[in-house]
2 protein chains.
Amino acid sequence: MPYHHGDLRRAVLDATDEAVRENGVAALSLRDLARRAGVSHAAPAHHFGDKTGLLTAFAAEGHTLLSAELERADGDLIEAGVGYLRFALTHPAHFEVMFQDALLRDGDAELEAARARSAALLAATEVSGPTGASAAWSLVHGFATLWLTGSLPATLPPEAAADPYAAFRAAARHLKP
Amino acid sequence: MPYHHGDLRRAVLDATDEAVRENGVAALSLRDLARRAGVSHAAPAHHFGDKTGLLTAFAAEGHTLLSAELERADGDLIEAGVGYLRFALTHPAHFEVMFQDALLRDGDAELEAARARSAALLAATEVSGPTGASAAWSLVHGFATLWLTGSLPATLPPEAAADPYAAFRAAARHLKP
DNA sequence: CCCGAATCTTGTCAACGACTAGATTCTCGC
DNA sequence: GCGAGAATCTAGTCGTTGACAAGATTCGGG
């Protein structure tokens, strides 16, 4: 075991993803992340300052991943929604952390920049006016949140609960064009 | 100071509401709640077992409060949405806890019953089919979540950001009847 | 009035986040 | 290729927390 890890920062972020998927942010522990990465209990703090710093970096990474999905939609409203949902379902840990402001460092430059990029991509989708944008964003975000908690699948017939993307497209069709 | 508090269970639930509004669930501490209620550090645990038990009871209370709002709508879709939003905005602490399954005791009878009541009231709103119900629920839930984090008001002109209920009605109009 | 049950206190333990001081390794100028 | 300073990591410590155990106080029914 070398004294230097190689890329501890990345390893801790990956361990965070794993741990949050397993037990949620509430149960996240810096010392557990250190154990997963095979380093001493204080090593993660060197890269992130404190727990808030780690979650802030993790949230920024989330916005970058979300931006990548939104770019694939190329301005199309429904596809942007599908991309948003795909991000939430494939990166539930990031999605869980990103929208909990109490966990994040207010005013962090890296996070603000990543947020601005994803917000700009959301704003670039073709939609009818500001209230239409609110409606569309609320619909996807709510759908993703409720799907992840299992609340939404529970209300659907089994065949619909098996395919979140089809269920979302069906729900999105209720929005006026 | 009497040895018996009178209604410590209620006092702890009220202190929870206060503390979560101030600093979020992540920073919630049973010992802080005990201090707020003026009792010893282990007193709250007697009524709720552990932290998970407290949050489970708190979430159940949330579903009861939500049910009260939904009843006022009397089956009307838009009014049910407004009631859902009003619940979220007037009880942000409950709303924050209710949908984080990792914080709650799985299979708790009281919580399940309260959930079933609010779910039944949601299902009683007049809406076009299961996909329409998904769309409507997703829209309100997402709107409430994004409004509480401040993400949604940030995208609106100041006059719209001042009145969440008007902004919601405007967004809800984008749903096909 | 008394006895069991409910409620609350005090004491304790392991785990955690944050901090400090020091050890090891890397890097870059020369 | 080497030495100095920076970057990275370890080891140790402190105050706080959640959970648990044992005991004190109060309540309420028979």
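Residue numbering restarts at 1 for every chain, and letters A, B, ... go by the order of the sequence lines.
A single hydrophobic cluster is seen to contain both Leu146(B) and Leu85(B), as judged by linkage of ILVMFWY side chains at heavy-atom distances under 4.5 Å, directly or through other members.
Side chain of Ser29(B), nearest nucleotide from dA18(C), dA19(D), dT17(D): dT17(D). Closest contact between the side chain of His47(B) and the listed nucleotides dA18(C), dC16(C), dT7(C) involves dT7(C).
Separating the CZ atom of Arg10(B) from the C1' atom of dT7(C) is a distance of 18 Å, rounded to the nearest angstrom. Note: CG (Asn23(B)) to P (dT16(D)) measures 16 Å, nearest angstrom. Residue Asp32(A) contributes atom CG, which lies 12 Å from atom P of dA15(C) at whole-angstrom precision. At whole-Å resolution of the value, CG in Asp50(A) and P in dC16(C) are 17 Å apart. His46(A) places its NE2 atom 12 Å from the C1' atom of dC26(C), with the value rounded to the nearest Å. For Lys51(B) and dC20(D), the NZ to P distance is 14 Å, given to the nearest whole Å. In this structure, CG of Leu30(B) is placed 5 Å from P of dG18(D), rounded to the nearest angstrom. Summarising the geometry, the separation between CZ on Arg36(B) and P on dT17(D) is reported as 12 Å, rounded to the nearest angstrom.
Comment: Arg21(A) does not engage Glu18(A) in a salt bridge, judged by the lack of any side-chain N to carboxylate O separation of less than 4.0 angstrom. Ion pairing of Arg105(B) with Glu112(B) is absent here, as no side-chain N (NZ or NE/NH1/NH2) approaches a carboxylate O to less than 4.0 Å. In this structure, Arg115(A) pairs ionically with Asp101(A), as a charged nitrogen and a carboxylate oxygen lie closer than 4.0 Å.
As a member of the Ile/Leu/Val/Met/Phe/Trp/Tyr network built from side-chain separations under 4.5 Å, Leu104(A) groups with Leu8(A), Val12(A), Leu13(A), Val20(A), Val25(A), Leu28(A), Leu30(A), Leu33(A), Val39(A), Phe48(A), Leu54(A), Leu55(A), Phe58(A), Val97(A), Leu103(A), Leu111(A).
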Please produce a list of atom pairs where a protein N or O lies less than 3.5 Å from an N or O of nucleotides 10-14 of chain C.
unit_1	atom_1	unit_2	atom_2	d
dG11(C)	O6	His41(B)	NE2	2.8

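Shown here are the side chain to side chain contact (heavy atoms under 4.5 Å, CB included) partners of Pro158(A), two or more places apart in sequence or in another chain: there are none.
If you check every strand for non-hydrogen atoms under 4.0 Å, Leu33(A) touches nothing. Contact annotation for Leu54(A): no contact, since no heavy-atom pair falls under 4.0 Å across all strands. Residue Arg9(B) is out of contact with every strand shown, counting any heavy-atom pair closer than 4.0 Å.
For the pair Trp137(B) and Thr155(A), the tightest heavy-atom approach, listed with the atom from each and the gap, is CZ3-CG2, 3.9 Å.
Contact check, Arg35(B) against dT17(D): a side-chain N or O comes under 4.0 Å of OP1 or OP2.
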